[in-house]
Amino acid sequence: MHRKSSISIREWLENSNKALLVTGIRRYGKSILLKQIMDEMKEDQGVTDDHIIYMNLEDMKYAFIKNAMDLYGYVEKLIVDEEKYYIFLDEIQMVEEFERAINSFHATKNVSIFITGSNSWLLSGELATLLSGRYVNFRVMPFRFQEMCEMLGVKKEEASEKEFMDYITWGVMPQRFYFKTEEETKVFMTDLYDSIVLKNIFWRGQVRDVDALNRLLEYIVLNSSQTFSPTSIAKYFESVNRKVAPDTIIIIWKR
């Protein structure tokens, strides 16, 4: 399904020479969006396959690319003329100091660069500094209700309470529509939550206590419409037989 994001990206292509960062939490469809953009470029602009360089850096095929020099050396060999090349780098955080290669490509080559990766990397303040303003950020969001209806083959104006309750209960992560039963959906959503917490928040923030982090997130979700303080959260921990000092909560929150 084509989303409005691809329209905004096509407009960006025509008016900018900066790198494009496609951000969003795991399994929001960033990789699929890249592939849709590549297909549209071939169909609408006549871009040929030999001028599109696509790399999913989580693929073992590219395991030898470990740092910026490896990345630059590999891509440079694929650029053989002065025509414009379109470079798509999926899961870029797998490459150490990748921003050095991105800056070098822009300084020396006729290219447009598209990047996807973990939010914890691509939204960090350090990346903005390293790329020195040479990028534009597009955020991929979950489906809107209208998009969910389109996914289900239902017109928005004809949607019933069943579709609305499905939207409220399970949310609109694109991949969850592949699952047909409630049990399968629950397993998927649990795995997704664990992936986000463990791989993004826990690992990036270097949080030591996973249970405390999970309980903190649970409290925030259950009290999303209320104000709260480290002291009130510490009292919540006491109610579930966990003793966590307010100062510890502040440290976890900042990370």
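Residue numbers run from 1 in the order of the sequence given. In what follows, every heavy atom counts, from backbone to side chain, and hydrogens, waters and symmetry copies are set aside.
- Using a 4.5 Å heavy-atom cutoff, the side chains of Leu34 and Thr116 are in contact.
- Atom CD1 in Ile87 sits 10.0 Å away from atom CZ in Phe114 (nearest 0.5 Å).
- With values rounded to the nearest 0.5 angstrom, Glu147 atom CD is found 10.5 Å from Met151 atom CE.
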message = Applying side chain to side chain contact (heavy atoms under 4.5 Å, CB included) to His51 and Asp81, what does each step give before you reach the verdict?
response = CA-CA 9 Å; His51 282 71; Asp81 57 44; 3.1 Å; yes
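- Considering only heavy atoms from C-beta on, Arg100 comes within 4.5 Å of Glu97 through its side chain.
- For the ring-ring contact (aromatic ring centres under 6.0 Å, His included) test, residues two or more places apart in sequence or in another chain that qualify with Phe64 are Tyr74.
- Taken together through direct or relayed side-chain contacts under 4.5 Å among Ile, Leu, Val, Met, Phe, Trp and Tyr, Ile79 and Ile115 form part of one hydrophobic cluster.
- To the nearest 0.5 Å, the span separating CG on Asp90 from CG on Asn56 amounts to 4.5 Å.
- Counting heavy atoms from C-beta on, the side chains of Ile113 and Ile102 come closer than 4.5 Å.
- In this structure, CD1 in Ile65 is found 5.5 Å from CG in Leu71, a value given to the nearest 0.5 Å.
- Glu184 is linked by a salt bridge (Lys or Arg N to Asp or Glu O under 4.0 Å) to nothing, counting only residues two or more places apart in sequence or in another chain.
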Acceptor/donor pairs from residues 160-171 side chains to any protein atom, 3.5 angstrom cut, sequence neighbours excluded:
unit_1 : atom_1 : unit_2 : atom_2 : d
Ser160 : OG     : Lys162 : N      : 3.3
Ser160 : OG     : Glu163 : OE1    : 2.5
Glu163 : OE1    : Ser160 : N      : 2.7
Asp166 : OD1    : Arg176 : NH1    : 3.4
Asp166 : OD2    : Arg176 : NH1    : 3.1
Asp166 : OD2    : Arg176 : NH2    : 2.7
Thr169 : OG1    : Met165 : O      : 2.7

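- Put simply, the residue from Leu57, Asp70, Leu89 that forms a side-chain contact (heavy atoms from CB on, under 4.5 Å) with Tyr62 is Leu57.
- One distance of note links CG of Leu216 with OH of Tyr236; it measures 9.0 Å at 0.5 Å rounding.
- Note that CG of Asp50 and OH of Tyr85 are 6.0 Å apart. Values are rounded to the nearest 0.5 Å.
- A salt bridge is absent between Glu150 and Lys155: the closest approach of a Lys/Arg side-chain nitrogen to an acidic carboxylate oxygen does not fall below 4.0 angstrom.
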